[in-house]
There are 2 protein chains.
Amino acid sequence: MTTETAVRPMRIGEVAEQTGLTPRTIRYYEEIGLLGAGGDGSEPREQGKHRCYTSADVERIAEIVRLRDLLGLSLDQLSQLVEAETARAEIRREIKETDDPARKRELLTQANGHITTQLILVRSRVAELSKLEVELAERQLLCEQKLAELAE
Amino acid sequence: MTTETAVRPMRIGEVAEQTGLTPRTIRYYEEIGLLGAGGDGSEPREQGKHRCYTSADVERIAEIVRLRDLLGLSLDQLSQLVEAETARAEIRREIKETDDPARKRELLTQANGHITTQLILVRSRVAELSKLEVELAERQLLCEQKLAELAE
DNA sequence: TGGTAAACTGACGTTTACGTAAGAAAGCGA
DNA sequence: TCGCTTTCTTACGTAAACGTCAGTTTACCA
């Protein structure tokens with residue numbers, strides 16, 4: 001009797017459905033190094049065999065897509081930003097497996113750095129957009145005032 | 001003696017500098033209808049003659065670039081969003097020149113609609129990004145907590 | 001009224017981000 | 001084990017957004 005609630009492996013088609021991407025796009029992202037080579041973090045997959053993903057992989061991919069859409073970065077910039085999300089998966093895996101507290105600290109610090117980088121970018125983007133929003137709102141107000149004057 | 005403080009006409013190179021675009025890009029935007037055909041709102045420019053822009057044109061172009069960068073839209077979507085920014089320049093010009101209050105009201109209402117459309121888009125984008133920001137911040141907190149546990 | 005810097009008009013080239021087609025191989029249920 | 005669906009790899013195709021000549025033409029100024 002094995003653990004029934006274990007990670008159900010998925011193939012590329014299902015991942016594509018759940019992320020809104022196409023299989024081709026997923027392969028392409030893997031090709032340019034934006035996604036990890038095997039699918040999940042296990043052994044690098046043998047030539048010709050089907051890719052295999054876990055639900056954790058799906059979450060990571062979905063998040064990359066989210067960053068892509070919201071920040072409008074090129075895939076190249078995106079790669080740098082997530083600094084091979086692959087590596088992060090690697091990190092998470094290693095965090096759970098290692099017992100060395102020094103190593104654990106190192107990994108956590110690294111992950112924290114990645115998050116911080118992303119936060120900085122997101123926040124600056126929010127700031128810029130907010131500024132734009134204010135300016136647009138002001139113009140809208142002006143427009144409405146003029147309309148009100150005309151109506152009196 | 002002419003009005004010395006009048007609109008100083010600019011040529012494409014200067015506009016490029018001020019907007020951070022290249023002359024080619026400006027011509028391209030004009031080519032696809034994102035920018036108006038002549039430069040400024042005067043007569044449509046004769047074949048072969050230099051394009052001529054006013055500082056108002058520069059502002060409009062800069063704003064289009066801003067929307068492009070912040071929203072990450074395709075130039076096609078962007079065209080729809082600003083609905084030929086040309087038209088808006090046209091509207092402004094006509095607003096100043098017309099004395100017909102009915103026409104004026106119509107133009108103002110139209111301009112207001114454009115602004116509203118942009119505001120909706122910007123606001124939804126801000127909302128999405130803010131949500132992402134919160135999630136990233138939560139993760140960051142978690143990371144730091146774990147690090148703190150390790151350090152005790 | 002030359003001369004020169006900057007601009008104009010094609011037209012083809014390039015990069016990014018995938019789409020699409022073809023033939024072979026893998027997986028999985030019956 | 002057979003058959004069918006889904007993937008795999010390879011490779012060429014494509015749309016968007018410009019870059020880059022090349023040969024002319026303007027616009028400005030000494």
Side-chain angles (χ1 to χ4, degrees), chain A residues 8-40 42-54 57-58 61 64-82 85, chain B residues 2 7-40 42-54 57-58 61 64-82 85:
Chain A
R8 182 174 61 94
M10 306 168 59
R11 289 183 310 178
I12 201 170
E14 197 172 348
V15 175
E17 255 184 272
Q18 294 197 17
T19 57
L21 301 176
T22 68
R24 166 62 173 148
T25 299
I26 296 176
R27 290 193 202 100
Y28 177 64
Y29 284 3
E30 178 184 322
E31 190 182 327
I32 63 172
L34 182 52
L35 297 179
D40 65 16
S42 53
E43 300 305 300
R45 185 174 68 102
E46 296 165 49
Q47 160 80 347
K49 292 199 121 189
H50 290 185
R51 287 166 181 77
C52 175
Y53 304 86
T54 68
D57 291 325
V58 172
I61 294 175
I64 288 180
V65 170
R66 201 175 170 196
L67 285 171
R68 180 195 69 178
D69 293 340
L70 287 181
L71 296 181
L73 304 174
S74 73
L75 297 184
D76 212 54
Q77 296 173 301
L78 198 51
S79 285
Q80 294 188 14
L81 178 59
V82 298
E85 190 71 6
Chain B
T2 57
V7 282
R8 182 174 61 94
M10 305 168 61
R11 289 183 311 180
I12 201 171
E14 197 172 347
V15 175
E17 254 183 89
Q18 294 197 17
T19 57
L21 301 176
T22 68
R24 166 62 175 150
T25 298
I26 296 177
R27 290 194 203 100
Y28 177 64
Y29 284 3
E30 178 184 325
E31 191 183 325
I32 63 172
L34 182 52
L35 298 178
D40 66 16
S42 53
E43 301 305 298
R45 186 174 67 103
E46 296 165 48
Q47 163 80 347
K49 292 197 124 193
H50 291 185
R51 287 165 181 78
C52 175
Y53 304 85
T54 69
D57 290 327
V58 173
I61 294 175
I64 288 181
V65 170
R66 200 174 170 195
L67 286 171
R68 181 196 70 178
D69 293 340
L70 288 180
L71 297 180
L73 304 174
S74 73
L75 297 184
D76 212 55
Q77 296 173 302
L78 198 51
S79 285
Q80 294 189 15
L81 177 59
V82 299
E85 189 72 4

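By convention in this document, chain letters (A, B, ...) are assigned in the order of the sequence lines, proteins followed by strands, and residues within each chain are numbered from 1. Both backbone and side-chain heavy atoms feed into the values below; hydrogens, waters and symmetry mates do not.
For A/Gln47 and D/dC8, the shortest distance from a side-chain N or O to OP1 or OP2 is not below 4.0 Å. Note on B/Thr22: every side-chain N or O is 4.0 Å or more away from OP1 and OP2 of D/dC18. For the pair A/Arg45 and C/dA26, the criterion of a side-chain N or O lying under 4.0 Å from OP1 or OP2 is not met. Checking the phosphate oxygens (OP1, OP2) of D/dC18, a side-chain nitrogen or oxygen of B/Tyr29 falls inside 4.0 Å.
Atom CD of A/Glu17 is separated from atom C1' of D/dT6 by 13 Å (rounded to the nearest Å). In this structure, B/Glu31 atom CD and D/dC18 atom P are separated by 12 Å, rounded to whole Å. When rounded to the nearest whole Å, the span between CZ of B/Arg24 and C1' of D/dA16 equals 12 Å. Between A/Glu30 atom CD and D/dT10 atom C1' there is a gap of 15 Å when expressed in whole angstrom units. With rounding to whole Å, B/Gln77 atom CD is found 14 Å from D/dA15 atom C1'. Separating the CE atom of B/Met10 from the P atom of D/dT26 is a distance of 23 Å, rounded to the nearest angstrom. Atom CG in B/Leu73 sits roughly 10 Å away from atom P in D/dA17 (whole-Å rounding). When rounded to the nearest whole Å, the span between CZ of B/Arg8 and P of D/dC28 equals 12 Å.
For B/Thr54 and B/Asp57, the side-chain atoms include at least one donor-acceptor pair closer than 3.5 Å.
Picking from C/dC8, D/dT9, D/dC18 the nucleotide with the shortest atom distance to the side chain of B/Arg51 gives C/dC8. Relative to the side chain of B/Thr25, the nucleotides D/dC18, C/dA7, D/dC8 differ in distance, and D/dC18 lies closest. If you check C/dT9, C/dC18, D/dC18 against the side chain of B/Arg27, the one that comes closest is C/dT9. Minimum atom distance to the side chain of B/Lys49 is reached by D/dA27, of the listed C/dC18, D/dT6, D/dA27.
Rounding to the nearest 0.5 Å places CG of A/Leu34 at 11.5 Å from CD1 of A/Ile26. Taken to the nearest 0.5 Å, the CG atom of A/Asp76 stands 6.0 Å off from the CD atom of A/Gln80. Here the CG-OH distance, from A/Leu35 to A/Tyr53, works out to 7.0 Å after rounding to the nearest 0.5 Å.
Not one N or O on the side chain of A/Arg66 forms a donor-acceptor pair closer than 3.5 Å with the backbone of A/Leu70.
Both B/Glu14 and A/Leu75 lie near DNA chain C, and the one whose nearest nucleotide falls closer to the 5' end is B/Glu14.
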